[in-house]
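Remarks on the structure that follows.
Predicted model, so just to flag it, every value in this text is computed and none were measured.
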Amino acid sequence: MKDKTYVDDVDRSVYDIRNEDKDSYRIREGLDRSVVERISEEKKDPEWMRQFRLQALEIYNKMPLPDWGPPLDGLDMDHIATYVRPNTKMAAKWSDVPKEIKDTFEQLGIPEAERRSLAGVGAQYDSELVYHSIRREVAEQGVVYTDLESALLGEYGEMVRRHFMKLVTPSDHKFAALHGAVWSGGSFVYVPPGVSVEIPLQSYFRLNAPGAGQFEHTLIIVDEGADLHFIEGCSAPKYNVANLHAGCVELFVGKGAKLRYSTIENWSKNMYNLNTKRALVEEGGVMEWVSGSFGSRVSYLYPMTILKGKGARMEFTGITFAGKGQNLDTGAKVVHAAPDTVSYINTRSISKSGGVSTFRSAVTIGKQAVGAKSAVSCQSLMLDSQSRSDTIPAMDIRTRHADVGHEARIGRISDEAVFYLMSRGIPEEEARAMIVSGFADNVSKELPLEYAVEMNNLIRLEMKGSIG
């Protein structure tokens, strides 16, 4: 018997707009010492960063590919250009951005989002930021929001050096090493002690070039008692060659500070999304992750939080949609390294048309984390018999004085629930749409739709009639 329901793939037609390939500079494909040295020269790196890149390359060459997640057979670094410079320089005024790049971001809604509800915006195109701005009243609070390379080469260079790839080190895994060798672009944020940024900052990453990689680095430091919401958006047009995204996010949350980091990504289905994100939270600090994963062919994405200080808290809220040709391996990690720390991981995943969705969680509670509490809840919904969903939790508890729980549910749309709604006069396709919407609701409502207006349609899963 055929399934009588059909849930549309995420409509990503707006994201498939592409510009003619008019790069100012595109490094040769492949990866060796000369490529890394050329990137370092292009970026005008200080000597310590040049050496860091070369050491990361050595680590990359020695490390094997991951052998436990989705296959990476279609990713060949010999055919990936690790640096593509667009034909423009970074602009502080929107009017100074080249028309074709500006038109792309206009269609994605970036300027509208900035005008309506953002404190600052950074827009990256291929390997470089092309636009960056921050509201005057926010800058007057002492908040620093700039591209990472300007911070590295300017007055915040020492702060960058103290924090850069200290949470995510090149030895963590092969693609962290790759990132350390070829990173370019990204954002630097510093919020001074006690400062509350009332409206969000946002960075948007757009990869236009085919057969290229994007390796932006985001570094955010929220000092003692400060508060920030940061939004990250990602997209790329679809090509018939592999693209790679191996960015890195490092977040430092000070004593009594709070950071919410929201990500909405809709990479095209030729993208390998191998991003690494990690946060360190001091005493009494709060880290909130909100993650929407809707794109890419393959994803490895597991934001990690280290609860270093007493009473530190973490919450992760995620939703994943895997359609035809997608294998999305996502989840979250948390390390309780201090007493009275608290974590909560809450995720929903939807798979259809043969899509594969895998949830992984890792909870580690050290023997010193007396009084720690952790709860993990993951629910998966498969919309047809071709799709697959797996849950792989891991827990390492080293103290008896902790409260830990895990709940996982995997299933399909209940015929009984559909029948109940139909008995109340609701058509079958509408009933199924209501069930899907309700399943994702308590997670999707956390996505910052009121700010990231260009991403609204990513979580609108529409039902198309009952066509047996």
(message) Between Arg278 and Glu250, does any side-chain N to carboxylate O distance fall below 4.0 Å?
(response) no
(request) Taking Glu216 for its side chain and Ser187 for its backbone only, find out whether a donor-acceptor pair lies under 3.5 Å. (result) no
(request) Report the distance from atom CG of Asp78 to atom CD of Glu29, rounding to the nearest 0.5 Å. (result) 9.0 Å
(message) Using side-chain heavy atoms (C-beta onward) and a distance below 4.5 Å, is Asp223 in contact with Lys255?
(response) no
(message) Test ring-ring contact (aromatic ring centres under 6.0 Å, His included) on Phe164 and Trp183; report intermediate values, then the result.
(response) CA-CA 11 Å; Phe164 182 83; Trp183 76 273; 5.2 Å; yes
(request) Measure from the side-chain N and O atoms of Asp329 to the backbone N and O of Tyr300, and report whether any donor-acceptor pair falls under 3.5 Å. (result) no
(request) For residues Ser374 and His336, report the shortest heavy-atom separation together with the two atoms involved. (result) CB-NE2, 3.8 Å
(request) For a side chain to side chain contact (heavy atoms under 4.5 Å, CB included) with Leu259, tell me which candidate from Val222, Val281, Val191, Asp227 qualifies. (result) Val222
(request) Begin with the C-alpha distance, continue with both residues' side-chain angles, and end with the deciding distance and a verdict on side chain to side chain contact (heavy atoms under 4.5 Å, CB included) for Tyr145 and Phe230. (result) CA-CA 11 Å; Tyr145 181 36; Phe230 190 89; 3.9 Å; yes
(message) Hydrogens and angles aside, do Gln51 and Glu47 bring a side-chain donor and acceptor to less than 3.5 Å of each other?
(response) yes
(message) With heavy-atom distances below 4.5 Å as the criterion, would you say the side chains of Met271 and His245 are in contact?
(response) yes
(request) Please identify each residue that fulfils ring-ring contact (aromatic ring centres under 6.0 Å, His included) with Tyr156, with sequence neighbours left out. (result) Phe188
(message) Both conditions, 6.0 Å and 45 degrees, for the charged tip of Lys277 above the ring of Tyr261: are they met here?
(response) no
(request) Ignoring hydrogens and angles, state whether a donor on the side chain of Ser380 or Ser389 is under 3.5 Å from an acceptor on the partner side chain. (result) yes
(request) State the CG-CG distance between Leu72 and Asp67, to the nearest 0.5 angstrom. (result) 10.5 Å
(request) Take Arg53 and Arg33, measure what side chain to side chain contact (heavy atoms under 4.5 Å, CB included) needs, and give me the verdict at the end. (result) CA-CA 9 Å; Arg53 290 183 186 274; Arg33 184 183 178 96; over 6 Å; no
(request) May I ask you to test the Ser296-Leu328 pair for a side-chain heavy-atom distance under 4.5 Å? (result) yes
(request) Let me see the working for Gln326 and Val356 under side chain to side chain contact (heavy atoms under 4.5 Å, CB included), right down to the final yes or no. (result) CA-CA 6 Å; Gln326 293 182 278; Val356 179; over 6 Å; no
(request) Could you grab the distance from atom CG of Leu152 to atom CG of Asp45, nearest 0.5 Å is fine? (result) 6.5 Å
(request) Consider only side-chain N and O atoms of Ser184 and His217, and report whether a donor and an acceptor are under 3.5 Å apart. (result) no
(request) Take atom NZ of Lys258 as the centre, draw a 6.0 Å sphere, and report whether it contains more than 12 heavy atoms from other residues, nucleotides or ligands. (result) no
(message) For the CZ atom on Arg50, are there more than 12 heavy atoms of other groups (residues, nucleotides or ligands in this structure) within a distance under 6.0 Å?
(response) yes
(message) Could you check whether any side-chain heavy atom of Asn243 comes within less than 4.5 Å of a side-chain heavy atom of Tyr272, counting everything from C-beta outward?
(response) no
(request) Please tell me if the side chains of Ile350 and Ser357 come closer than 4.5 Å, counting only heavy atoms from C-beta onward. (result) no
(request) Could you pull out the closest heavy-atom pair between Val35 and Ile27, with the gap in Å? (result) O-CD1, 3.5 Å
(request) Would you indicate whether the side-chain heavy atoms of Thr82 and Ile39 approach each other to under 4.5 Å? (result) yes
(request) Using a strict 4.0 Å threshold on nitrogen-to-oxygen distance, state whether Lys308 and Glu282 make a salt bridge. (result) yes
(message) Donor-acceptor check, side chain of Thr169 to backbone of Lys166, threshold 3.5 angstrom: yes or no?
(response) no
(request) Can you see which heavy atom on Ser262 is nearest to which on His229, and at what distance? (result) OG-NE2, 2.9 Å
(request) Would you indicate whether the side-chain heavy atoms of Val342 and Glu315 approach each other to under 4.5 Å? (result) no
(request) Starting at CG of Leu201, measure out to CD1 of Ile220 and round the result to the nearest 0.5 Å. (result) 7.5 Å
(message) For Arg348 and Cys378: C-alpha separation, side-chain torsions, deciding distance, then whether side chain to side chain contact (heavy atoms under 4.5 Å, CB included) applies.
(response) CA-CA 6 Å; Arg348 298 287 187 275; Cys378 55; over 6 Å; no
(request) Using a strict cut-off of less than 4.0 Å between a Lys/Arg side-chain nitrogen and an Asp/Glu carboxylate oxygen, indicate whether Glu288 and Arg260 qualify as a salt bridge. (result) yes
(message) Can you tell me how far apart OG (Ser361) and NZ (Lys333) are? Round to the nearest 0.5 Å.
(response) 11.0 Å
(message) Are the side chains of Trp289 and Thr305 in contact, using a 4.5 Å heavy-atom criterion?
(response) yes
(message) Rounded at 0.5 Å granularity, tell me how far OG in Ser349 sits from CZ in Phe321.
(response) 11.0 Å
(request) Of all the heavy-atom pairs spanning Leu167 and Asp172, show the shortest one and how long it is. (result) O-OD2, 4.0 Å
(request) State whether the side chain of Ser387 and the backbone N or O of Lys352 hold a donor-acceptor pair below 3.5 Å, judged by distance alone. (result) yes
(request) For Gly213 and Ile80, work out which heavy atoms get closest and say how close. (result) N-CG2, 3.8 Å
(message) Under a 3.5 Å cutoff, is there a donor and acceptor pairing between the side chains of Arg360 and Thr391?
(response) no
(request) Please report the closest heavy-atom contact between Pro192 and Gln141, naming both atoms and the distance. (result) CG-O, 3.9 Å
